[in-house]
Structure formats: structure tokens, C-alpha cells
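Here is the structure we will look at, set down as C-alpha cells.
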Amino acid sequence: MDKTEAHQRIEKLKAWLKKWNYGYFVLDKNDVSEAARDQIKKELTELEKEFPEFITPDSPTQRVGSALSGKFAKIRHITPKQSLSDVFSEEEFRDWEERILKLVPGETLDYVSEVKLDGLNISVIYQKGRFHKAITRGDGVYGEDVTHSVKTIKSVPLELNEVGYVKLDDYPVIEVGGEVLMTKKSLEDINAEGGQQFANPRNAAAGTVRQLDPAVSAKRNLEMFFYSLNLTEKSKLPAPNSQQDILKLLNDLGLRTEPHTAHHTSLKSILSEYQKWEKKKDSLPYIIDGLVVKVNSLRHQKLMGSTAKSPRWAVAFKFPAEQSTTKILDIEISVGRTGAMTPVAILEPTQVAGTTVSRATLHNEDEIERKDVRVGDTVIIQKAGDIIPEVVQVIKDLRTGKEKKFRLPKECPVCGGKIIRPEGEVVSRCSNKNCGAQHQQQLELFVSRSAFDIDGLGEKVIEQLIDAKLAEDPADLFTLKYEDLMQLELFKDKKTQNLLDAIEKAKLVPLPRFLFALGIRYVGAETAELLANHLHLKTHSVTITEEQKRDQMTLFAEPAASKKADVAEISTLIEEMKKMSPEELNAIDGIGDKVAESIHEWFRDEKSLRLLKKLEGVGVKLLMEEQAKKSDKLKSLTFVITGTLPTLSRDDAKALIKQHGGHVTSSVSKNTDYVLAGTEPGSKYDTAEKLGVKIIGEEELKGMVE
Ligand code: IVH
């Protein structure tokens, strides 16, 4: 066969295989026998071996790449990934509906229900219609790059279908989300092989996705169903108006959706769907743990918005959590990062939802009192999803009279400090700010993956550093010396040098991760991201190493593209934060009263400011989000956005303004230059009119930057 013939044959074989695989793995129908498919794949593999110049990344033979050598790269999500809030009863579900109805007065809502798949959420990015990357949810802001193993999942197409007349090259960047899971049958098969044993399909799926060797992932038959879609650029594809449209568009693109969805116009219909699945759940080949109910209209979804953690327009209506009975052997106190005392029941080990449970939270003193939990009691415990197991109820009939009541100690079990319970609060705390437990947890948080991400500083090492008085606060980590580390257990030359290098590298830290690392009460990774997006700090440019550049990598930035980065000094952050009132913080979408108050207080606390200054002194610098600057047309202009814009999402509008040098803030003041208003604007519109701030629409904004 000559070169031209080989090329033609390869293209033909690929087209056939693609069509058959799509029919088999996505549409669940058998166009040809498996043997025929295998035969064609064999022919293609052989031809590609002979003519490697014709191998393309989307060839069905290219699903399994080579093994990764180390840990997964961390990647920032295009938009932060949220999770769903849970409801566990009809009553809680009704409350949810009541709450969201109030957010859209006068509107009638309809819903889509989907079964809640018990796997792991993965985002897949398609660029020009071709599979680009797959990322785990991670902490919502950063996920892990699991492209190599997700690519082996046969129901994930390497190329999307062309919809209408839109050519693949004209596709925008498409981010789709879905669940990767393993069927009950596949799990049985894997466990029967006698190798690594998995407690349940979810663990098996998670373990397989995080396999370094894609050949192993490929053998384990993972499946994927898609349920969400994010068209990130202006797109020629039909714009979806509802979750139903999204599911249809996903299908049209060739992405498999779970078939058991239903449309509802009444609460009654949703409740009966829930009851139906509660009874029927075991008949499905994979595990489901509830129903996901989503408001259908995207317009309604937008009006309802999100909290920092989850959308208001969707809810996970969970089936009753799996429960088990066991005995309480003891009650211990665990001291948290903020000094909070949590009573923990030490249990006779028992199996719940496929895992062994030996500790369960008792939440606080009042809960113990309310449930009348005593040491020696037989109790029902439950585990709901990933939540820490909890004690639900005491079986009082089984008491022998020997059970002992529990009293919270007066002194902290870790440092002996006085325990206080502020008036009106249910949580008791250690009053000693230097308490060892608080200190340990503060340091663990500081070096964790979503914070400074310092490898080699585990729990044990931190413990030793604290004992040796080498880490009185997190800033001390940056002045550790070779001799300091060499005196620690198991530290030899290489390990010491690696840790010192990791610490040095960490001095340049992305702003959101820095804010998270501070351990401000109520500020998780997502809130830190919201706050960081709101801040416009004065920056200067520095030269950075390639490794640092990679850490800052957003999805499409080439790691080595530039070795310059915009950084800000911590003192600039202090200045900005000092200027910010609780009201301004509260005005950031996703930051509520309590959180705003906590942030505001933290940046006014003497001890916090000392820590910040010390961090600056040891050379910590804040790495700012890279903004692809397009022009300076909006330089020094401040915008506030309100209402729904005709084509741009709020984030797109924000990005556009920033790309042209402008700022976006959340509240209107006399310093605001323009209010960008869409339909149904909020009170910001009225304030703008009152203050005489110029109000513009999307078209005018676009005109300004053209
Ligand atoms: S929508 C805002 N739909 O449940 C998050 N999630 O608790 C968008 N899940 O992380 C998720 N089935 O892993 C959605 N039909 C479904 C789902 C589903 C399972 C999982 C998913 C998510 C978790 C949220």
C-alpha cells in the first residue's frame, strides 16, 4: 500500500470506528459485532504503526497514553466549581422550594430531575471540538489534571459531533461537567481478580481516575454521564435556555447523558419521582444516592444566583443516609484551628456505606444534652455522602445503667487553657490563642494544597517543628535553615534540601491561596477566590522560575510562555483591606454578613497584622491573576454591573472591562465612573441615578473598547 492509499484507508477506518464506538458506548446500541470492531481497530493500529505520520490525537487508538511520572498537575478551573446543597426529607425539600419561589416573585417554575449519580464530578474541556483536558473538582478552585485517565473512558468522545452547520474548528471552548462512575458489575469483576480491593464503586472510580498509569485505567471500564455545560466564548451553537436544552445539546454534541431524567411542573410530581427512585434505585447498574432537582429555566437560575458554595436553583434530594448501630466506647474532645471544642464519640468499629467507622461527631455540648448521649450507650450512627459520620440517636432500651454522662472539661485537653463559651454560641472554645492544637492546625492549613502548597510538611513534621520551637507562627517556616531541619527525625540531606526548595518556591503565592492560608474564620477556598477577584492591588513585574509559572497556570496558558509575573506586596493588601468596610465586603456576591464581619475583624486584629508584616519581611509576595491585556481604553475607570445583560454574562463583562484596563467594583459611589446596566437592574441603578453616575448598556461598553 502506498502512502496516499494508507492515508485514505486510515481516515476511513477512523471514521467507521468513531461511528461504531459512538453507537456502542454513547447510544447503547450495537451497529456491528464486537469482533468486527476489534478487527477494524487492529487494522488501524497496524497501519498507524507503519505510517506514524498519519496518527492524529483523536484516533481511537490514542486513548491510552504513557504513564505519568509524578503527581498530577494542579489546574485552576475556568469558573469555580460548586457543589449542591442537600435536603434529606420532604419537609426540607418543601422549604427549599418555598425559599426559591420567594426569589422570583410572580414567576411559575418548572424543574428537571436527574438521578444523583454516586461517582466523582469531572470537568472536561473541549477546544475547537476536540478533547483537551479533564480536571477533578478538587477544592472547587483548583482541580487535578486527570486528562490521561479520563481519555481512556470510551463514553467520552475525543471529538464532538458537528451540530447544525457549525464546523468543529468554529466551536468555542466548551466546558462540560459530569460524573465518572463505575458500575456495580465492574467493581465485582475487579475485586474478583484479587488485586487491590475497593470498598465501593465510588472509591474504585476515584482510585482509577487518579491512577498514574492510563493502561490500568483503561482496563477498569469507567463510565461517564454528562449533566452540565459552560459555553465560555460567544458561540455559534444554539444558546440553551433551560436545563432540558442543555441535556439535548450535550446529546447532540455526542456526550452521553443519564437517561432517567424527568420534567416537572409541580412539587407533587417531584415527590412521586423521588419515591419511585427510592424504591427502584437498586435496579440500576450503578449506585445512585438521591435525586438532583434543578430549576429548568436558565433565566430563573440566573435570577436566583448562588451562595459561595452552591447554586440556589438546584438541590440534592438525598435518599436516607445509610445507618448502622454500634457502641460508644468513649467521648474525646477534638480542638480545632479556631480553638473550637468538638466532642467526638469513639465507637466500636462498624461498617457504614461500605467503610469502617470508628469515630463520629457529637457536634457540641447542647447536642449531647439533647440526644442524651452517654459513654457506653448503643447508638444509631449515619454517614451521609462524604460528611463525617454522626450519632443520630441513642437506643435507650438497651441501657444497662452503667452508662456515664459526659461533661465538657473546664480546661483545654491540649494546652490546659481555660475553655469559654461566648454568650449565644453553641460552641465552646479554648481561650488560649497560642494553644498547641490551634497552632498545629493553623500551620497544617497554611501549608495545605489549596494554600501555600508546601510538599514535605506533613502533620508529623509540623509537630516536631512546633516542639522544637522552630515554627511559632507560619512566617517562621520561611526562615528555617538547613541545620534546623537536619535535627528532625528522618531528615537527611536530600529531604532537607527538597523541603527548603519547596519553601523557597512557595514565597510567591497566588493571592486567593494566600487569603485562604490565613485561616480567617468562615473563609474557605471559594470565598478567598471571591475576595481576591474583588481586590485590585497595585502590582509590579518580577521574573519567576518556570516552575512557579506552571503553578500559576490557568487552563490554556503555556507554562513557559513568559517568565514575568505581576506581583503585589502584602502591605498593599493591608492598605486595601483596611479601607474596606463590612458593607463593601458584604456587597461581594457570595459573601454574607457573618463572613464579611469576620474578614473585616481579622484585618484589624493586631496579631493578624503582625503576622502579615512578618510574612512580608520574610519575602512572601502575592502573585496576581494574569490578565491578557488588550488595551488601555478603560484605564482608571471604575464600573459597577447590575441586571442581566443581553449577551454577556457578568463574568464575561468583568473580564472585558479588566482586559481593557478598567476596574469593576460591587457598590456604586461617587467614585464610580459607569454603571453597566442590563434588564431588571437592582438598587444600584437607583443609587447611580441619585449620584448622577453615568449609566450605560452592553452595546455602549462594547463601543468604548472597539
Ligand atoms: S449538578 C453545582 N447533576 O453531586 C454542582 N451533580 O453534591 C453541579 N452529582 O459534585 C452538579 N449526579 O458529583 C449534578 N445529575 C447530577 C448529579 C450531580 C451526581 C454529584 C456531582 C456533584 C455532587 C454535588
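Every number for a ligand or one of its atoms is a count from 1 in the order of the listing. Residue indices begin at 1 and follow the sequence shown.
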Which residue and non-hydrogen atom of the protein lie closest to [atom], and at what distance in Å?
atom	answer
atom 10 (O) of ligand 1	N121 CB, 3.6 Å
atom 23 (C) of ligand 1	K116 NZ, 4.1 Å
atom 17 (C) of ligand 1	Y227 CE2, 3.3 Å
atom 12 (N) of ligand 1	L117 N, 3.1 Å
atom 5 (C) of ligand 1	Q82 O, 3.5 Å

Are side-chain N/O atoms of [X] and [Y] paired as donor and acceptor at under 3.5 Å?
X	Y	answer
E179	Y286	no
E273	H264	no
T152	S217	no
S269	S266	no
N161	Y22	yes

**OP:** Decide, yes or no, whether a salt bridge links K133 with D145 under the criterion of side-chain N to carboxylate O below 4.0 Å.
**Re:** yes
Original post:
Between K185 and E223, is there a side-chain N and carboxylate O pair less than 4.0 Å apart?
Top reply: no
With a 4.0 Å heavy-atom cut-off (strictly under), which part of [X] contacts ligand 1: side chain, backbone, both or neither?
X	answer
E179	side chain
L84	both
K294	side chain

Original post:
Does I288 come within less than 4.0 angstrom of ligand 1, counting non-hydrogen atoms of the residue?
Top reply: no
Within the 4.0 Å heavy-atom shell around [X], which atoms of ligand 1 are there?
X	value
E114	3 (N), 15 (N), 16 (C)
V115	12 (N), 15 (N)
P311	2 (C)

Subject >> Short side-chain to backbone donor-acceptor contact, R202 and G119, under 3.5 Å >> reply: yes
